[in-house]
Amino acid sequence: MAGLLLAGTLAGVLAPAPAAQARDTSPRPAACPEGLPDGAACWTGTDANGAHYAIAVPARWNGGLVVHAHGGPDLGDASDPRRSVEDLGRWRVMVDQGYAWAGSSYRRGGYGTRMAAADTENVRRLFVEEFGEPRRTYLHGQSWGGNVAAKVVETYAPEGGPYDGALLTNGVLAGASRGYDHRVDLRVVYQYYCANLPRPEEKQYPLWQGLRRGSTLTTAGLRARLQECTGYASPPGERTALQQRNLDDILNVTGIPERTLESHLRFSVFTFRDIVHERLGGRNPFSNRGVRYTGSHDDKALNAGVERFAADPAAVRDLSYDSDLTGRVAIPVLTLHAKDDPTAFVEHEAAYRDTLRGAHRDRWLVQTFTGEHEHSALSDAEYAVSLAALDRWARTGRRPTPRSVAAACPAFDRVYATGCFHDPGYRPASYSSRVRPRPGGTSWPAMTAAQAKAWSRVPGVGIAP
């Protein structure tokens, strides 16, 4: 701790973050979440943009820092002070491995990948101001946070810059202009079969809006309508024949797992509403023109009756600029993904692989896969070995392999006893094998570096913070 205090004294010689210091952004001592290693010290604070953050430093600090990007996005209007603290507790394995940890709750809820990337970079700078420059700095992004961290890599991590590597776990790595097409399909297929979102007697709106502005529908109300149509929450024997057929058709056509049907539908309703109404000024970034739906009991009727719409090119540009990835990577990136992830399908990794390959930067990428079945968290032993492999790669230049990571995992599992489930021979199929592509939507990257540079000169491009 004496070293930390000395580092804080010296922090005044470091360049400040570019954001205007309109408030006291200094970290304040706080109670650590339960489960952090003994002797760890924790701080919380609020940055100049209003984003709450949390920091932890273990008693036996190895001099490294993990900067965490959380998933979501959450949909509250303001920054949630609990989010970064909860994530610190969830990924305490990184502190247990000797790393300091810093994570932002982002300045607001709602969609905004570049905003979240800027807030993630800002918490790194705040750490440096208070504790000095770490020996090594790594990014970690989980779920949508994988997209955020990948955007940090492309925006704030040039070769020789402040970041030494990135660990992306169960990441949404296809970006938003294509990464949510399966939820677009779910939204229209659901309405075709269920016709209750909206109901015929309710005010109608185009389904690409997710939900009309001003609607008072709650998540409980959505669940009730989903149950009414499909009986998804009931044992199969208690569903009506129509409910079972509706459920079978929706699942078979969209390829969405039954256990995450509700969460995907929530996203296609509430998060789409945020994207369209709050971030894109009511413009439509989504399309299902040219998509043929198959797998139902009557595909001809489905394709004739499902709602169709075409995207506004300017809205697509703004969503793409905000969230799509160019593949312009200059630091080691290690990914870890459950093969049976029911939320961010493993085929996101194929999209990311093809994105870096299209940018001729795939030498910076190593992808690993596990036989796990959940999205929100993986085995602690796997996080620990992945971070160790990334650190060794960054320090020595020796690129790991999926097999070497898998072989090293049991040593960590002797500490954590959470299991090692790596499948070093696995390779995901193309993104279009899982999510129906739109015309012209099979080549990667979805946004080239040249496009990103050109679009950056357009006034008001993207999604405002």
Side-chain angles (χ1 to χ4, degrees), residues 73 111 113 143-144 146-147 150 170-193 206-211 249-257 260-261 263-276 279-280 283-296 299 302-303 306-325 341-355 358 375 428-447 463:
Y111 207 84
T113 306
S143 187
W144 179 58
N147 188 198
N170 279 359
V172 180
L173 299 175
S177 74
R178 299 177 187 172
Y180 302 135
D181 282 345
H182 61 295
R183 288 166 172 159
V184 174
D185 295 337
L186 172 61
R187 189 68 182 88
V188 299
V189 170
Y190 174 87
Q191 184 64 8
Y192 172 79
Y193 289 111
L207 296 180
W208 51 261
Q209 291 184 358
L211 193 63
D249 279 341
I250 291 168
L251 298 178
N252 290 340
V253 172
T254 64
I256 289 173
T260 52
L261 174 60
S263 64
H264 282 284
L265 186 62
R266 284 201 315 268
F267 195 105
S268 74
V269 173
F270 298 111
T271 306
F272 278 16
R273 175 174 64 175
D274 175 81
I275 291 172
V276 169
R279 312 304 158 201
L280 294 176
R283 295 172 297 151
N284 174 25
F286 304 122
S287 173
N288 67 340
R289 289 282 178 87
V291 176
R292 174 162 178 78
Y293 298 107
T294 59
S296 73
D299 290 346
L302 170 62
N303 282 281
V306 75
E307 184 174 319
R308 303 278 181 176
F309 39 79
D312 176 342
V316 175
R317 176 204 64 196
D318 287 352
L319 187 59
S320 180
Y321 180 74
D322 181 74
S323 64
D324 285 347
L325 302 170
D341 184 338
T343 300
F345 302 146
V346 71
E347 288 80 9
H348 276 272
E349 296 289 341
Y352 195 55
R353 175 194 68 209
D354 292 343
T355 294
H375 170 70
S430 68
Y431 187 71
S432 61
S433 71
R434 183 65 179 265
V435 179
R436 288 179 173 84
R438 278 50 183 162
T442 57
S443 63
W444 299 88
M447 174 183 66
I463 290 175

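In this text, all values refer to a predicted model and were calculated from it rather than measured experimentally.
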- Taking side-chain contact (heavy atoms from CB on, under 4.5 Å) as the test, write out the residues that go with Arg273, two or more places apart. Leu211, Ser215, Phe270, His277

- Message: Walk me through whether Arg308 and Val188 qualify under side chain to side chain contact (heavy atoms under 4.5 Å, CB included).
- Response: CA-CA 8 Å; Arg308 303 278 181 176; Val188 299; over 6 Å; no

- Quick one: list whatever passes side-chain contact (heavy atoms from CB on, under 4.5 Å) with Ile463, sequence neighbours left out. Arg108, Tyr111, Arg279, Leu280, Leu319, Asp322

- Where the side chain of Gln191 meets the backbone of Glu307, is there a donor-acceptor pair that is under 3.5 Å apart? no

- Residues Phe272, Phe286; criterion ring pair (Phe, Tyr, Trp, His ring centres under 6.0 Å); working and verdict: CA-CA 10 Å; Phe272 278 16; Phe286 304 122; 4.3 Å; yes

- Item | Interatomic spacing from OG1 in Thr442 to CZ in Arg178 - rounded to 0.5 Å | 7.0 Å

- Item | Any Tyr431 side-chain heavy atom under 4.5 Å of His348 side chain | yes

- Ser177 vs Tyr321 side-chain heavy atoms within contact, under 4.5 Å: no

- Item | Atom pair CG/CG of Leu186 and Leu251 - distance to nearest 0.5 Å | 9.0 Å

- Item | Donor-acceptor contact present, side-chain Ser268 to main-chain Leu265, <3.5 Å | yes

- Query: Between Asp185, Asn288, Thr254, Thr294, which is the residue that forms a side chain to side chain donor-acceptor pair (under 3.5 Å) with Arg436?
  - Reply: Thr294

- What's the shortest heavy-atom distance between Ala310 and Asn284, and which atoms? O-ND2, 3.0 Å

- Spell out, as yes or no, whether a donor-acceptor pair under 3.5 Å connects the side chain of Asn303 to the backbone of Tyr293. yes

- Note on the structure: dist Asp354:CG -> Leu173:CG (nearest 0.5 Å) comes out at 12.0 Å

- So, does Arg434 use its side chain to make a donor-acceptor pair with the main chain of Ala429 at under 3.5 Å? no

- Item | Partner residues of Asp324 under the salt bridge (Lys or Arg N to Asp or Glu O under 4.0 Å) criterion, sequence neighbours left out | none

- Message: With a 4.5 Å cut-off on side-chain heavy atoms, are Asp318 and Arg283 touching?
- Response: yes

- Heavy atoms of Ala174 and Gly179 approach each other most closely as CB-CA, 4.0 Å

- For residues Val276 and Pro285, report the shortest heavy-atom separation together with the two atoms involved. CG2-CD, 4.0 Å

- d(Leu325 CG, Trp444 CH2) to nearest 0.5 Å is 9.0 Å

- Considering non-hydrogen atoms only, spot the tightest contact between His375 and Ser143 and give its length. NE2-OG, 2.7 Å

- If you measure from CG on Leu302 to CG on Asp249, what distance do you get to the nearest 0.5 Å? 8.0 Å

- Compare every heavy atom of Ala311 with every heavy atom of Val316, then report the nearest pair and how far apart it is. CG2-CB, 3.4 Å

- Which heavy atom in Ser287 sits nearest to a heavy atom in Arg438, and how many Å separate them? O-NE, 2.8 Å

- Task: Go through Ser296 and Asp299 one step at a time and tell me if the side-chain hydrogen bond (donor to acceptor under 3.5 Å, both in side chains) criterion holds.
- Result: CA-CA 5 Å; Ser296 73; Asp299 290 346; 2.6 Å; yes

- Query: Rounded to the nearest 0.5 Å, how far apart are CG of Asn147 and CH2 of Trp144?
  - Reply: 7.5 Å

- Query: When the ring planes of Phe345 and His264 are compared, do they come out parallel, tilted or perpendicular, using 30° and 60° as the limits?
  - Reply: tilted

- Side chains of Phe309 and Val184 in contact at under 4.5 Å (non-hydrogen atoms): yes

